[in-house]
Amino acid sequence: MSPATRRSLGRDDLVLCAGTIPNASFRERVAAARAGGFAGISLRVRDYARAHAEEGLSDDDVRALLDEHALAVAELEVLSDWRPGAQVGRRQARADEVFAVAEAIGARSISVVDGPGEPLATEPAAEAFAALCDRAAPLGLLLHLEFWPGSGVDLATAARIVAAADRPNGGILVDTWHLARTARGDELLREVPGKRVLALQVSDSPRVAGPEPDYMAATLERRLVPGEGALDLAGFIRRLDAGGCEAPVGVEVWSKALAAAPPLEVARRVGDAMRAVLAAARGDCVSRGARRVSPP
């Protein structure tokens with residue numbers, strides 16, 4: 001694999017996350033992102049593998065399509081092979097493969113996750129995360145821990161690991177679905193420096209009445225388009241802006257209904273919805289609202 005040129009993404013850029021159109025081919029994904037006015041996409045390692053195996057795309061082809069649509073790869077998902085004893089499923093990529101793919105597609109960052117279990121001990125986890133960040137730094141890659149309740153890395157644990165590792169390219173990914181289901185989530189997030197919030201995945205949610213019987217089924221099937229649920233997403237954006245967060249805004253709406261709809265239609269709908277949330281958060285200020293990227 002030869003490295004790709006990395007495009008920069010800023011606070012006013014929207015990212016179409018892989019989970020919003022989970023069944024799309026690579027060609028469909030990049031076309032949908034541009035149709036919806038996104039500046040970037042996220043990719044799963046298996047999306048990259050499918051582009052090669054099922055669409056016959058080479059690395060050069062993948063990079064050419066990204067360039068043609070003027071798209072950045074915001075983050076590559078996911079790396080679970082990051083610490084001694086980490087649970088890595090048979091279908092999950094190992095660290096060497098994740099880093100190689102990230103370099104080949106010019107990804108901005110890699111999402112780091114952990115499986116279900118008790119919160120990790122801070123010192124050994126921070127040591128492992130710091131080593132991972134050091135490996136990523138020469139490649140210009142950011143690393144962010146994605147927390148979720150019930151995993152070895154919940155929000156409080158993620159914040160402790162990142163603070164103890166203290167690497168300039170290490171931080172956390174905030175997913176609004178997981179945040180809404182984290183006890184004292186808003187309070188805990190206020191304690192995280194804005195510069196440590198390196199990625200966002202925004203979706204809306206039905207009102208949270210208590211723990212879902214099957215958390216993973218709920219998170220992969222029941223998310224709502226931004227602005228169509230019970231979450232105060234405008235307030236969430238305002239708090240991040242005030243805290244100095246500079247991460248682009250990813251839109252990740254795992255939904256059975258959206259997964260069955262045409263990717264172009266979905267991308268337009270969620271892109272317009274997210275821009276409406278940002279306009280509400282920022283007082284409808286065009287200069288600070290997310291820019292809608294037009295086709296080149």
Side-chain angles (χ1 to χ4, degrees), residues 11 17 19 75 78 80 82-83 111-126 128-129 142-167 170-224 226-247 249-254 274 277-278 280-281:
R11 191 73 182 102
C17 293
E75 62 241 10
V78 294
S80 55
W82 66 282
R83 63 176 180 83
S111 183
V112 181
V113 301
D114 210 81
E118 293 300 312
L120 300 178
T122 300
E123 186 174 347
F129 187 66
L142 304 175
L143 274 294
H144 36 68
L145 285 167
E146 179 175 0
F147 65 86
W148 58 279
S151 80
V153 178
D154 56 20
L155 175 52
T157 304
R160 288 195 296 267
I161 292 170
V162 167
D166 194 23
R167 293 299 191 268
I172 68 171
L173 181 157
V174 179
D175 181 315
T176 56
W177 177 277
H178 300 320
L179 181 66
R181 287 154 177 79
T182 296
R184 300 174 46 244
D186 289 340
E187 179 184 340
L188 290 170
L189 185 59
R190 279 194 289 271
E191 297 173 4
V192 178
K195 68 178 182 178
R196 291 299 193 189
V197 179
L198 299 183
L200 304 174
Q201 292 177 344
V202 178
S203 65
D204 218 323
S205 166
R207 191 168 301 281
V208 182
E212 286 90 355
D214 186 335
Y215 187 87
M216 293 311 297
T219 197
L220 295 176
E221 296 178 357
R222 294 184 53 210
R223 299 189 186 210
L224 301 177
E228 297 184 8
L231 301 185
D232 179 15
L233 296 179
F236 169 75
I237 294 297
R238 282 194 292 270
R239 290 193 297 275
L240 289 177
D241 285 348
C245 171
E246 289 297 329
V249 180
V251 186
E252 185 182 64
V253 189
W254 284 98
M274 191 69 239
V277 169
L278 291 170

Exercise for the section: Evaluate the side-chain proximity of His144 to Arg196: yes if any heavy-atom separation is below 4.5 Å, no if none is. Expected result: no

Handout entry: N/O donor-acceptor pair under 3.5 Å between Arg83 side chain and Phe129 backbone
Key = no

Handout entry: Whether Arg167 side chain and Ala165 backbone form a donor-acceptor pair below 3.5 Å
Key = yes

Practice task
Step through the shown structure and confirm whether more than 12 heavy atoms of other residues, nucleotides or ligands are within 6.0 Å of CD on Glu123.
Solution key: no

Problem - Point-to-point distance, once rounded to the nearest 0.5 Å, from CD of Glu191 to CG of Leu155 - result: 9.0 Å

Exercise for the section: Please examine the side chains of Leu198 and Glu246, heavy atoms only from C-beta on, and report whether any two atoms are closer than 4.5 Å. Expected result: no

Handout entry: Sub-4.5 Å side-chain heavy-atom contact between Phe147 and Thr182
Key = yes

Completion exercise
dist Leu145:CG -> Leu120:CG (nearest 0.5 Å) comes out at 9.0 Å

Exercise for the section: May I ask you to decide whether Glu252 forms a salt bridge with Arg223, counting only side-chain N to carboxylate O separations under 4.0 Å? Expected result: yes

Completion exercise
Here the gap from Leu231 atom CG to Asp204 atom CG, rounded to the nearest 0.5 Å, amounts to 4.5 Å

Practice task
Give, for atom CD1 of Ile172 and atom CG of Leu143, the distance between the pair rounded to the nearest 0.5 Å.
Solution key: 14.0 Å

Completion exercise
Between the CZ atom in Phe236 and the CG atom in Leu189, the distance rounded to the nearest 0.5 Å is 6.5 Å

Handout entry: From Arg181 atom CZ to Ser205 atom OG, the distance as rounded to the nearest 0.5 Å
Key = 3.5 Å

Practice task
Measure the shortest side-chain to side-chain distance between Leu173 and Gln201 over non-hydrogen atoms and say whether it is less than 4.5 angstrom.
Solution key: yes

Handout entry: SB check Asp154 Arg160 (cutoff 4.0 Å)
Key = no

Exercise for the section: Identify the two heavy atoms, one from Ala125 and one from Ile161, that lie closest to each other, and give their separation to 0.1 Å. Expected result: CB-CD1, 3.6 Å

Fill in the blank from the handout: What one should report as the nearest heavy-atom pair of Arg238 and Ala281 is CG-O, 3.1 Å

Practice task
Could you please spell out the steps behind the side chain to side chain contact (heavy atoms under 4.5 Å, CB included) verdict for Leu240 and Leu200?
Solution key: CA-CA 10 Å; Leu240 289 177; Leu200 304 174; 3.5 Å; yes

Fill in the blank from the handout: Of all heavy-atom pairs linking Val197 and Ala247, the shortest is O-CB, 3.7 Å

Practice task
Give the minimum heavy-atom separation between Trp254 and Thr219, together with the two atoms involved.
Solution key: CB-O, 3.3 Å

Practice task
Work out which heavy atom in Pro226 is nearest to a heavy atom in Ser203; give both atom names and the distance.
Solution key: CG-CA, 4.5 Å

Practice task
Using a 4.5 Å cut-off on heavy atoms from C-beta on, say whether the side chain of Met274 contacts that of Val202.
Solution key: yes

Exercise for the section: Please check if any side-chain donor atom of Asp114 sits under 3.5 Å from a side-chain acceptor atom of Trp148, or the reverse. Expected result: no

Practice task
Mark yes or no for whether Trp82, through its side chain, and Val113, through its backbone, hold a donor-acceptor pair below 3.5 Å.
Solution key: yes

Exercise for the section: Kindly give the heavy-atom pair with the smallest separation between Pro206 and Trp177, and that separation in Å. Expected result: CD-CZ3, 4.0 Å

Problem - Val112 side chain reached by Val78 side chain, heavy atoms, under 4.5 Å - result: no

